[in-house]
Structure formats: C-alpha cells, structure tokens
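All remarks here apply to the structure that follows.
Below, chain A is the first sequence line, B the second, and so on; all start at residue 1.
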Protein chains: 2
Amino acid sequence: MAGPAKKSGGLDLSVLQDRIGFRVHMLDLHMMRWLGERCARHGLTPASASVLMVIRSNPGVRHGELADALLIRRPNMTKLMRRLETRGLLCRKGSPGDKRRVVLALTPEGEKVIAEVGGYFRMQDDLLQKALPGAGDDALTTLMDSMHGALDAPEPETSAATASRKPRRKAAI
Amino acid sequence: MAGPAKKSGGLDLSVLQDRIGFRVHMLDLHMMRWLGERCARHGLTPASASVLMVIRSNPGVRHGELADALLIRRPNMTKLMRRLETRGLLCRKGSPGDKRRVVLALTPEGEKVIAEVGGYFRMQDDLLQKALPGAGDDALTTLMDSMHGALDAPEPETSAATASRKPRRKAAI
DNA sequence: TATTGTTATACTCTATAACTATA
DNA sequence: TATAGTTATAGAGTATAACAATA
C-alpha cells in the first residue's frame, strides 16, 4: 500500500490518512522506492546495501551477530550472504578460534560498490533533513508530508547517479 | 532489518542510525509488527485490514480504482481480493452497467471483523499521538524514538484485544 | 547439552507479461 | 483498438522446524 495518498479520484481514504502510522508507512515506502531505484543501478536493494555498510563499519563481524543486530533471522541472513558472496561483494570465512562461526568482510569489489551506493543514502538524508526546519501546527503530519515531497525534486547528477540508468529488472540482491 | 537499533552488542550501527530514513524505517517496522500481531488474531494483516476499511468507507468501489488509490498492482490486488472473498469477508460482483468491472463491498462478517480490528488501528494512533507533544533539539529523531517507545508500554485490554491470543501462525490474509 | 550456521519449506508482497471479456 | 480484470511466473522478504558441525 502506498502514495502521497491525497486526492485519489474521489475515493475517501480518510480512514487511512488520518492515522499518523499510515503517514509514516507511506513515507517509508516512498523513501524505500527512491533508494531502491538507485541501489538497483548497482544490483543491490536498500537492505543488502545497508548490510554491506554495516559490515564495512564492522569488518570481521559474525554472521549471527549481524543478524541479531539487524533483526534478520539467521536463515534469511544466510540467503542474503550467499547472494552477496556469489556476486563477489562479500567474503565469508570460518573463524580460526571457534570453527562454528562465520566471519564477514567486504571484498575490494564490495568496497568499491558500497562507496558509490553510500552516496545515495547520504543524498536522501540531505533531502530529508532539508525538509525539516519549519514545523507547524500538526507538526508531525506536516513534517511527514514535507519529507515525502522532498524526495520528488529533481536531483543533481553525481558520479554514482551517472553510473547506469534503469537496469530493466536486473535481479537485485 | 529493524529494531530500536540502539546498543547491539558492541556493533557499530552508526552508519544506519545516523540516517533519518533509517529511523523512519525502524519505526514503520515496529508499528507494522505491533499492528500485525493484533490483526493476526483475526486472520488479517495490516494491509488487508486497511483495504477492508477503505472498502467500508467506499462501498461499491471498483477493483482497479482501489488498486490505483492504494498503489497496489492489479494482479496483486486480485490475489488479495480472492483471499478476502474466500474467507467470507468481501463480496465481489460484476457491475451491471460495464460488465468488465468488478464492484466491491464488505459482507456482514467483514463488517463485524473490521469493526473489531479497527480498534487496534485507533489504539495505535492514540499511543503514537501521545508520544508527540514535547519536541526537542534533534526534533524528528526524538519524535521517532518517542513514538517507537510508545508502542512498548503495557496496553489496557479491550474487547478486540481479548478476542484471541497468538493464533499460532494461522495464515493471515 | 548448547550454540552456530545451514537446509528445507511455506507464505506474503511485489512486479511484469500475456491472456480473456468486454467496450 | 483500448480498458478491466485475471492468470502465470518470478524475485525478494519473512517465518519456523530440523539438521550438521562444533563447543
């Protein structure tokens, strides 16, 4: 479900729009699509890109430790890790001490990709931050809508942005 | 991905937590789980419950019209409608004028269920609204965390809440 | 016996293409 | 020819149970 959620062809959506939770949900969807389009240019999803960024900040982190921190179930984390490894972005190896453990780190290719994709995350945050300053009466609803709109403005092209356009459903990790 | 996202066993998550978008995403996940647990007591998801609520506010709405308004693709809407119809909550019938069109309305059973489930949506909104008043310096981040926490307090039992507890993975619509 | 990570499985959501039936 | 809704298919997220290897 989604949308700026205003005028929808005569449909009464007030039962949804009057809820703060719905506004947050719409904003989240909008942000994820914005980020998703851009991550897809590099064959990633916002989730897989976020995981790579956390691994970069925590080289040598364990499989389960990462899963717990990000509230991802271990079996699901396994699938994600395997896809990232297959794509050559991630290095998985057994811990020398405890042979049950799997230790994670980025490959040089992973470092390169995440350096580019990270730019999109910062760009989105800049757009959202700029939308904040003036709160109003219905402070939060106003903030939500303002942030929602902040993502719709034309954006300056960057090195990451110029990389590749619309990869036609190229299965993203 | 998810969580209050603070202390995570020594892991550095600042690359995520410093982003406003991540905070919104975490809040959204938290809200959806809160609502999801409660909707599941009635065999629904927050999404299917929301769809039923919009149909209740707009009896006789068309299939595609509803899909467009909620940004759901028509094929996906079809699957959702069929499940709701199978469960006896929704009535689908062809439009008399244009025989291509499918017109939607709640069944009496649907009305009954959504009257109960709607209480959870209002309850969540009340909790979130109460968390707002005092903004601070990092206004929005503070608001997000406050709203996040607002869902963790013990809640007063209601008729809807007492209905049934933890239906053990009973496939939700 | 407990922990770590894996496999297997299932359900949902999402997205596209192709089909039917009406108009 | 265009529109409304459907079917078919595929990818991704999420969840649980059961398993192997190790501690």
Review point. Are B:Met32 and B:Leu70 connected in the hydrophobic side-chain network, where two residues link if heavy atoms are under 4.5 Å apart?
Key: no
Check your understanding: Quick one: is B:Ser95 getting a side-chain N or O under 4.0 Å of the D:dA4 phosphate, OP1 or OP2?
Key -> no
Practice item. Measure the distance from CZ on A:Arg74 to C1' on D:dT14 and round it to the nearest whole Å. Key: 16 Å
Practice item. Would you mind reading off the distance between A:Leu71 atom CG and D:dG13 atom C1', rounded to a whole angstrom? Key: 14 Å
Check your understanding: Are any non-hydrogen side-chain atoms of B:Thr78 and B:His63 less than 4.5 angstrom apart?
Key -> yes
**Study point:** Interatomic distance, A:Arg73 CZ vs C:dT6 C1' [rounded to whole Å]
**Key:** 16 Å
Review point. Which listed nucleotide (D:dG13, D:dA4, C:dA15) is nearest to the side chain of A:Ala47?
Key: D:dG13
Review point. What about A:Lys79, does its side chain sit under 3.5 Å from the base of C:dT6 through a donor-acceptor pair?
Key: no
Review point. Is there a side-chain polar atom (N or O) of B:Thr78 under 4.0 Å from OP1 or OP2 of D:dT6?
Key: yes
Check your understanding: Base, sugar-phosphate, or nothing for A:Arg101, non-hydrogen atoms under 4.0 angstrom?
Key -> sugar-phosphate
Revision key, fill the gap. Rounded to whole Å, NE2 of B:His25 lies from C1' of D:dG13 at a distance of 10 Å
Point to revise | Gap between atoms CE and P, on B:Met77 and D:dT7 respectively (whole Å) | key: 15 Å
Practice item. Please check the phosphate of D:dT6 (OP1 and OP2 only) for any side-chain N or O of B:Arg92 closer than 4.0 Å. Key: yes
Review point. What about A:Val103 and A:Leu89, same hydrophobic cluster or not, with Ile/Leu/Val/Met/Phe/Trp/Tyr joined at side-chain heavy-atom distances under 4.5 Å?
Key: no
Review point. To the nearest angstrom, how far is B:Asn76 atom CG from D:dA8 atom C1'?
Key: 12 Å
Review point. When rounded to the nearest 0.5 angstrom, what distance separates CD in B:Glu85 from CG in B:Leu104?
Key: 9.0 Å
Point to revise | Partner set under side chain to side chain donor-acceptor pair (under 3.5 Å) for B:Asp98, not counting sequence neighbours | key: B:Arg100
Review point. Which whole-number value in Å describes the distance from A:Arg82 CZ to C:dT6 C1'?
Key: 8 Å
Review point. Once you round it to whole Å, what is the distance between P of D:dA15 and CG of A:Leu70?
Key: 13 Å
Review point. Think A:Thr45 has a side-chain N or O under 4.0 angstrom from the OP1 or OP2 of D:dG13?
Key: yes
Check your understanding: Hey, what bend do you get for the helix from C:dT1-D:dA23 to C:dA23-D:dT1 if you fit axes on five pairs at each end, rounded to 10°?
Key -> 20°
**Study point:** B:Arg62 vs D:dG5: side-chain N/O to OP1/OP2 distance below 4.0 Å
**Key:** yes
Study note, to complete from the structure: In short, A:Cys39 meets A:Ala49 closest at the heavy-atom pair SG-CB, 4.2 Å
Review point. Would B:Val15 end up clustered with A:Leu44 when hydrophobic side chains under 4.5 Å apart are linked, directly or stepwise?
Key: yes
Anything under 3.5 Å between a protein N or O and an N or O of nucleotides 19-22 of chain C, put it in a table, one pair a line.
none

Study note, to complete from the structure: Which of D:dT7, D:dG13, D:dT14 is nearest the side chain of A:Arg83? It is D:dG13
Practice item. Indicate yes or no: at least one non-hydrogen side-chain atom of B:Met123 is less than 4.5 angstrom from one of B:Trp34. Key: yes
Review point. Of the candidate nucleotides D:dA15, D:dT6, C:dT6, which contains the atom at the shortest distance from the side chain of B:Val102?
Key: D:dT6
